[in-house]
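Below: one structure, written as structure tokens.
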Amino acid sequence: MDLPFDPKNPAFEYITSMETAQKALEDLSAAKIIAVDVEANSLDPYTGVLLLVQLSTEAKSYIFDARSILFKDLPLYKKIMEDSNIIKLLHNASFDYKYLKLHTHVELKNIFDTMLAEGVLKAGLGMGYRLKDLVDRRIQKDLLNKDLQKSFIDVTKNTKITDEQLKYAASDTLILFPLFRQQIEDLKKENLQKIAKLEFAVSPVVAGMELKGVFIDVKKWRKIIADLGEKRDRLAIEFQEAIRHLYSFSQMDMFGGMGDMININSQVQLMELFNNKLGLNIPSTNDAILNRVNNPIVKLLRDYRGYAKLVSTYGENLLQKINPVTGRLHPSFLQIATATGRFACNDPNVQNIPRNSKEFAFRECFNPAPGYKIVDADFSNFEMRILADFSGDEKMINALKNELDIHSYTASLMFDKPYSNDFKKKFPELRQMAKPIGFGLMYGMGAPGLVGRIYAETGKEITVEESDQLINKFFQSYPRVKSFLDKMAKNAQKNGWSSTPAGRKRWYHLPDKDDIDYRRKLSSIGREAKNHPIQGTNADAIKYALVFAHERMVKDKIDGAIILTVHDEIACEVREDQAQDFAPALASEMVRAGELFLKKVPVVSQPFVGDVWEH
DNA sequence: AGAGGTGGTG
DNA sequence: CATGCACCACCTCT
């Protein structure tokens, strides 16, 4: 394909004086589309130095040396960056957005992000979305050389930028134009413009959320993990004591202390212990298996693991991620890491911090800054509402319309008992059975899976046949739910993709007919496709809600920021005196987002105000 | 370094 | 036929 530039010799101008900067900006202000990229010496905008800001037309890249250019003295710079009529073309815009906001005090407007675009175009296919991946796939293999990317780590305030580095910086923006033209066509062809626009609108909100970060009470956190660590250590010793007699040798250190018999964390050694020494005959050591084994050693291991998990995953490692400049955690919210459209999160992952319990309350350590409150809202039973709405099942819709307790109502239908407001009290065990069925079937669960779920939930051991009958009962109660889910599975198995009503698509690798795993892979696609419109619509709604909530904050002049999102939840930090008013506003913006997709079932969002995360 | 097992969340 | 969706972090083992 024809490239608009020679990658060995890209057209660029290196700008180090205010006079040439002004001239460059005048040239740029005539462009309809500007590619934007920055080079910095760190991934962290708080500790890093902004080195280069590349602003490019399709013909030429203007490379501003941010160490000598004072952007604040160039009003045209801010005007261009915040001009909604000029498209800003970026790859992974949220990274550049953060640097530009923090170091040059502009907020990019009208973003087209080639990384996000690729994400919506290739969801589910397991492809990389790095710039190099896109260029390799779409333009030419190995055209883009990213070796120089790391070279900027060593650049400081006074280091000279090499010609090679400038060529690299220029190429990174110039290459975005051909990618953009291809993706625009692909987005049209797949009818994904609307979802791409949504993702582009979410990107600055994510950048803002990542910049703001979240406060964590370190002392309180350390107290929790110290307590859990002690419990873990005691259980480890007890475990070794309990198995000592099974081992012929007894290790002793030089002071007479008893050594460990096995490495308690080694799955291989545990299997040897359980199957060869104890004759338990178990296929694996995961908790779903171990919880059915009545054995004191197994019990010790399960308890140990509970604490060991918490200490290792949520211990000191997490605190090390506190930013030295802000004193807060700044997790990354990954906008397109999942096949369904949901966010993922890392460094640290705050989407799997354990729920508060009597024994430990990690989420209570997430607090607002002094003078602020946490304002949080989440969708109630949202996925169940989506299922009811999309399937059109009358009984499920009416139950939700009438605000019945949905799991009690399901149990009343399945087990032929009258529904009442105190059903939960009168038939707790029936409700307990119905709950995992409702959730499980949304994910395409089968009878054997349900046996395990019911056991974990209720401690009741049922047969696969009984499980099968329960599933049938559920589907007889909600017949349209079954036909809806089956249709989703069938379509995906035929077409190789599924979509949410908002238009978000997910692709599947359809297996060849002669594939050894043909049936297994096809079943898997069926289950994924049953779940996709449900989980994906939840994701669509929360992404709209993030944009709406952010706009609302600006409109209502709220002193605050969005700090977290966890799938069906948005948490904000808001100045004390505004928190009570903003809480219902946040909930209503979430409802407005949800109502874009649910037409037959009400959307409910529950707001909370407090000094800790979680209510 | 990468795979596999395990387990935390929605 | 195989048998629950979506993730990320930590651990061991190769």
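Given the structure is predicted, the values throughout are model-derived calculations rather than measurements. Numbers restart at 1 for each chain; the letters A, B, ... are given by sequence-line order, proteins then strands.
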- Just by distance, with hydrogens left out, do A:Tyr307 and A:Asp227 show a side-chain donor and acceptor under 3.5 Å apart? no
- Message: At 4.0 Å (heavy atoms only), tell me whether A:Leu450 reaches a base, stays on the sugar-phosphate, or touches nothing.
- Response: nothing
- Answer with yes or no whether the side chains of A:Tyr544 and A:Glu595 bring together a donor and an acceptor at under 3.5 Å. no
Polar atoms only, N or O, under 3.5 Å: list the protein pairs with nucleotides 8-10 of chain B and their distances.
residue, atom, partner, partner atom, Å
B:dG8, N2, A:Asn352, ND2, 3.1
B:dG8, N3, A:Asn352, ND2, 2.9
B:dT9, OP1, A:Arg355, N, 3.2
B:dT9, O3', A:Arg363, NH2, 3.2
B:dG10, OP1, A:Arg355, NH1, 2.2
B:dG10, O3', A:Asp568, OD1, 2.9
B:dG10, O3', A:Asp568, OD2, 3.4
B:dG10, N2, A:Arg342, NH1, 3.1
B:dG10, N2, A:Arg342, NH2, 3.2
B:dG10, N3, A:Arg342, NH1, 3.1
B:dG10, N3, A:Arg342, NH2, 3.1

- Message: Regarding A:Asp44 and A:Asn323, do their side chains bring together a donor and an acceptor under 3.5 Å, going by distance alone?
- Response: yes
- Would you tell me whether A:Arg506 and A:Thr338 have side-chain atoms, one donor and one acceptor, within less than 3.5 Å of each other? no
- Message: Could you check whether A:Glu199 pairs with A:Arg504 (Lys NZ or Arg NE/NH1/NH2 to Asp/Glu carboxylate O, under 4.0 Å)?
- Response: yes
- Are a donor atom and an acceptor atom from the side chains of A:Ser524 and A:Tyr508 found within less than 3.5 Å of each other? no
- Task: May I ask you to say what A:Asp517 touches in the nucleic acid, namely base, sugar-phosphate or nothing, with a heavy-atom cut-off under 4.0 Å?
- Result: nothing
- Query: Taking CG from A:Asp303 and C1' from B:dG7, how many angstroms apart are they, rounded to a whole number?
  - Reply: 15 Å
- Message: Does A:Ala339 reach a base, just sugar-phosphate, or nothing at all? Heavy atoms under 4.0 Å.
- Response: sugar-phosphate
- Message: Regarding A:Ser408 and A:Asp405, do their side chains bring together a donor and an acceptor under 3.5 Å, going by distance alone?
- Response: yes
- For A:Thr500 and A:Asp540, does a side-chain donor sit closer than 3.5 Å to a side-chain acceptor? yes
- Message: What is the distance, to the nearest angstrom, from the OH atom on A:Tyr307 to the C1' atom on B:dT6?
- Response: 18 Å
- How far does the C1' atom of B:dA3 sit from the matching atom of C:dG4, given to the nearest Å? 23 Å
- Query: Contact class for A:Arg302 vs. all strands (heavy atom < 4.0 Å): base, sugar-phosphate, or nothing?
  - Reply: nothing
- Salt-bridge test for A:Arg328 and A:Glu573: reply yes if a basic N is under 4.0 Å from a carboxylate O, no otherwise. yes
- Item | Bounds of contact between DNA chain C and chain A, in 5' to 3' order, using a heavy-atom cut-off under 4.0 Å | C:dC1 to C:dC13
- Could you work out the separation of C:dC1 and B:dG7 based on their P atoms and round it to a whole Å? 29 Å
